[in-house]
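Read through the structure below, which is laid out as structure tokens, and then see the notes.
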Protein chains: 2
Amino acid sequence: MLDIAVTIKDVAKLANVAPSTVSRVIADSPRISEATKRKVNEAMGKLGYHPNLNARSLASQSTQTIGLVMPSSGDVVFQNPFFPTVLQGISEGAHEKKYALHMTTGKSEKETLEAVVEMVQGKRVDGMILLKSKVEDKIISYLLKRNFPFVLIGKPYKNVEEITHVDNDNFRAMQEATEHLIMQGHHQIAFIGGCLELVVTVERLLGYERALRNAGIELKNEYIIHEEFLREGGQEAVKELMSLENPPTALVVVDDFMALGVLNTLDELGISVPEDISIVSFNNVLLSEMVKPPLTSVDINIFDLGYQASKNLIQRIENSNEPIKRIIIPHKLIERSSCCHLKNK
Amino acid sequence: MLDIAVTIKDVAKLANVAPSTVSRVIADSPRISEATKRKVNEAMGKLGYHPNLNARSLASQSTQTIGLVMPSSGDVVFQNPFFPTVLQGISEGAHEKKYALHMTTGKSEKETLEAVVEMVQGKRVDGMILLKSKVEDKIISYLLKRNFPFVLIGKPYKNVEEITHVDNDNFRAMQEATEHLIMQGHHQIAFIGGCLELVVTVERLLGYERALRNAGIELKNEYIIHEEFLREGGQEAVKELMSLENPPTALVVVDDFMALGVLNTLDELGISVPEDISIVSFNNVLLSEMVKPPLTSVDINIFDLGYQASKNLIQRIENSNEPIKRIIIPHKLIERSSCCHLKNK
DNA sequence: ATGAAAGCGCTAACAT
DNA sequence: ATGTTAGCGCTTTCAT
């Protein structure tokens, strides 16, 4: 590799100043005369100088970089537009403050923790963004113990008061989605959600239950389904659900992609949406308006989740007195054609 | 931030050896006695030592990191599973060799180039992966000029012999897709593709034309459409196409998401797939099997595109004599229900 | 097999 | 306003 490796010394020599002066010009220090600034800048231009960021990071103990752990290859989340969209938001927020992103993957929980330790203690990043919290989260414990800046996207399972996090009000979002169906006359509403170890699932389930209780509707266990699906497993679940003695007339589904799977299964069963059954789903990704019927979906503003995460992380990085925050990103029910009033029988 | 910053010196002191010895143990140098290795490892464990990677990078002139420029927020590619999937592949390949990823975004071409220069000259990365090549690509020129290791995903517009790239045989892939339709009796086949400035579009268009020519079918300009769509623009295009005097009986579409848009427009027009018109699309993302009708789609193995890119980049990084390569990832036509034999009239 | 010492290229006190 | 100098924490000759 061609590498003329121009250093600060070369610039200093050419401009006839000390290396520290060059350093100050780079940092745009106020106490350098305009004259020498010009002189130095000229020299930098001539030599095609670019600072060695490793050296800078080493000396200044800061990297202008945010760390991220990607979901591992096998993870379902990858099939889903959530990850790219939140990444886009994170990237945007970082870019605005001239921060870069540093990412690694972990295939197991153990590997993931190691990756985080390497980033943190290896001093590769100034802060971290966590994409989900697990019930007993070692990464969070680790970061908390070291008092290392991080923000969580989602709601922490514990230590809520000590963790800056950006999240939706998933409880209310789901409550409102359910109420939307109730107002359309539905009483038999089933819940189709993901893994119960994820805090978001728990919150939404609670919101669903609250809406039913408020309306004086009895909760039924058979109406609650947890599936990773996007795949076969879910089909069975839906079939069972629909062959109950009293099948639901409406469904809340926690993800548009899942909803698409449900849609297909219903179609196979000869059940039509929204005539026979109404559906509200979540995320409002592009897909939801392209599918048939277009899905009524709760927009949780995924991009903003990421954007606020990096923005607030950087604030915390640059000011260690920044208080712990909980940032709630607004959601909005987008009505399309997958719901309708229950026909009176 | 709590930071006890254990350094190599602390370990050395505790183990009663010189810092250089510790360094050798970390590098697992063969000329250190097993005894001291044990001693040093023990000391590292006791102190919770982790090497400072910036210091290491500075001293060793290597980062074990791969650079990447993300498509900017506005970019269409973000709406599409291509990016996350290829990223997943890249990440997997990097992870296997213990490389991390470093990413930034650029909002304009100028910013993007600056981001690359910062990574390269700032010595933040050992090599780069480029996600697309433009016709006159300044980034490629820059990397080539500096002789900096990089691999391109896609086909270079020029300097093909000097650039390691991983790509599909897009010409053949599209030729085969078109031939598939021809074998089903279709003669009136339209092409719906993206921006002509992307090399991939050009290649596929050529493959389409070749297939038609080989079959002695006349090419019609009205049958060729270029749209970014996923959105309104495309709808119009499809409507015009279908109101031609001789509308096509089959469509090749370069992307599953686009195909979904087309499907919707056709539905509005009361045209049914595959009865009235057949469709072959590209990418074979999860969506294509969930949509109705399930799409016949060319699987281009997006994950592998990314995986091979990082794998080969790392080979090049670790051995500067590694030859320039062209890696062709196989494609495969996955037949589903969006195509059928043309009914004889 | 191990130690001593000189950098890697930068920042930041401290001097002037 | 600018120069001098001492690190940041590691790797790597060169000694021994």
Side-chain angles (χ1 to χ4, degrees), chain A residues 1 3-41 43-44 47-65 118-126, chain B residues 1 3-41 43-44 47-65 118-126:
Chain A
M1 206 192 79
D3 206 350
I4 333 97
V6 181
T7 78
I8 216 171
K9 280 185 186 168
D10 303 319
V11 177
K13 209 166 286 172
L14 182 60
N16 254 309
V17 295
S20 52
T21 302
V22 177
S23 178
R24 287 184 188 109
V25 173
I26 295 170
D28 200 28
S29 156
R31 36 186 224 175
I32 293 285
S33 74
E34 286 306 317
T36 49
K37 270 188 191 172
R38 242 195 315 282
K39 210 168 52 178
V40 170
N41 279 317
M44 298 202 308
L47 298 174
Y49 170 78
H50 271 268
N52 180 321
L53 300 178
N54 290 314
R56 174 184 288 178
S57 292
L58 181 58
S60 68
Q61 312 274 34
S62 108
T63 60
Q64 298 265 114
T65 301
E118 174 136 332
M119 282 192 221
V120 171
Q121 315 226 24
K123 298 254 171 26
R124 277 257 190 260
V125 302
D126 295 338
Chain B
M1 206 191 78
D3 206 350
I4 333 96
V6 181
T7 78
I8 216 171
K9 281 185 187 168
D10 303 319
V11 177
K13 210 166 285 173
L14 182 61
N16 254 311
V17 295
S20 50
T21 302
V22 178
S23 177
R24 288 186 186 107
V25 173
I26 295 170
D28 199 30
S29 158
R31 37 185 225 178
I32 293 286
S33 74
E34 286 305 317
T36 48
K37 272 189 191 173
R38 243 196 314 284
K39 209 169 52 178
V40 169
N41 279 318
M44 297 202 308
L47 297 175
Y49 170 77
H50 271 267
N52 180 321
L53 300 177
N54 290 316
R56 175 182 288 177
S57 292
L58 181 58
S60 68
Q61 312 276 32
S62 108
T63 60
Q64 298 264 114
T65 301
E118 174 136 331
M119 283 193 219
V120 171
Q121 317 225 23
K123 299 252 169 27
R124 277 259 191 257
V125 302
D126 295 339

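Everything numeric in this text was worked out from a predicted model, so none of it was measured. A note on names: the letters A, B, ... follow the listed sequences, proteins ahead of strands, and every chain is numbered from 1.
- Residue-level contact check: A:Ser20 touches the bases, meaning some heavy atom is under 4.0 Å from a base atom.
- Whole-Å rounding puts the A:Lys123 NZ to D:dC10 P distance at 9 Å.
- Nearest nucleotide to the B:Arg24 side chain, out of D:dG9, C:dA4, C:dT11: C:dA4.
- Rounded to an integer number of Å, the gap from A:Met44 CE to C:dC10 C1' is 14 Å.
- Contact annotation: B:Ser60 side-chain N/O to D:dC10 OP1/OP2 distance is not under 4.0 Å.
- Considering only side-chain atoms of B:Ser23, the nucleotide from D:dT12, C:dC14, C:dC10 that sits closest is D:dT12.
- Rounded to an integer number of Å, the gap from CG of A:Asn54 to P of D:dT11 is 13 Å.
- C:dA12 atom P lies 11 Å from atom CD1 of A:Ile8, rounded to whole Å.
- In the set C:dC10, D:dT2, C:dA4, the nucleotide with an atom closest to the side chain of A:Asn52 is C:dC10.
- To the nearest angstrom, C1' of C:dA1 lies 6 Å from CD1 of B:Ile32.
- Under 4.0 angstrom from either OP1 or OP2 of D:dA1 there lies no side-chain N or O belonging to A:Ser33.
- In this structure, the side chain of B:Asp10 engages the main chain of B:Thr7 through a donor-acceptor pair within 3.5 Å.
- With rounding to the nearest 0.5 angstrom, the NZ atom of A:Lys39 is 6.5 Å from the CG atom of A:Asn16.
- Among the nucleotides D:dC14, C:dA12, C:dC8, the one closest to the side chain of B:Arg31 is D:dC14.
- At most 12 heavy atoms of other shown residues, nucleotides or ligands fall within 6.0 angstrom of atom CD in A:Glu118.
- If you measure from atom NE2 of B:His50 to atom P of D:dC10, you get 12 Å, rounded to the nearest angstrom.
- Rounded to the nearest 0.5 Å, atoms OG (A:Ser23) and CD1 (A:Ile32) are 9.5 Å apart.
- Judged by closest nucleotide on DNA chain C, B:Pro30 is the one of B:Pro30 and B:Gln61 placed further toward the 5' end.
- A donor-acceptor pair shorter than 3.5 Å cannot be found between the side chains of B:Thr63 and A:Arg124.
- Of the candidate nucleotides C:dC10, D:dG9, D:dT2, D:dG9 has the atom lying nearest to any side-chain atom of B:Ala5.
- A:Pro19 comes within 4.0 angstrom of no nucleic acid atom, judged by non-hydrogen atoms across all strands.
- The CD1 atom of A:Ile26 sits 10 Å away from the C1' atom of C:dT11 (whole-angstrom rounding).
- Within the nucleic acid shown, B:Thr36 comes within 4.0 Å of sugar-phosphate atoms alone, with no base atom in reach, counting heavy atoms only.
- Rounded to whole angstrom, the span from the NZ atom of B:Lys9 across to the C1' atom of D:dC10 amounts to 10 Å.
- The side chain of B:Tyr49 sits closest to D:dC10 out of D:dC10, D:dG9, C:dC10.
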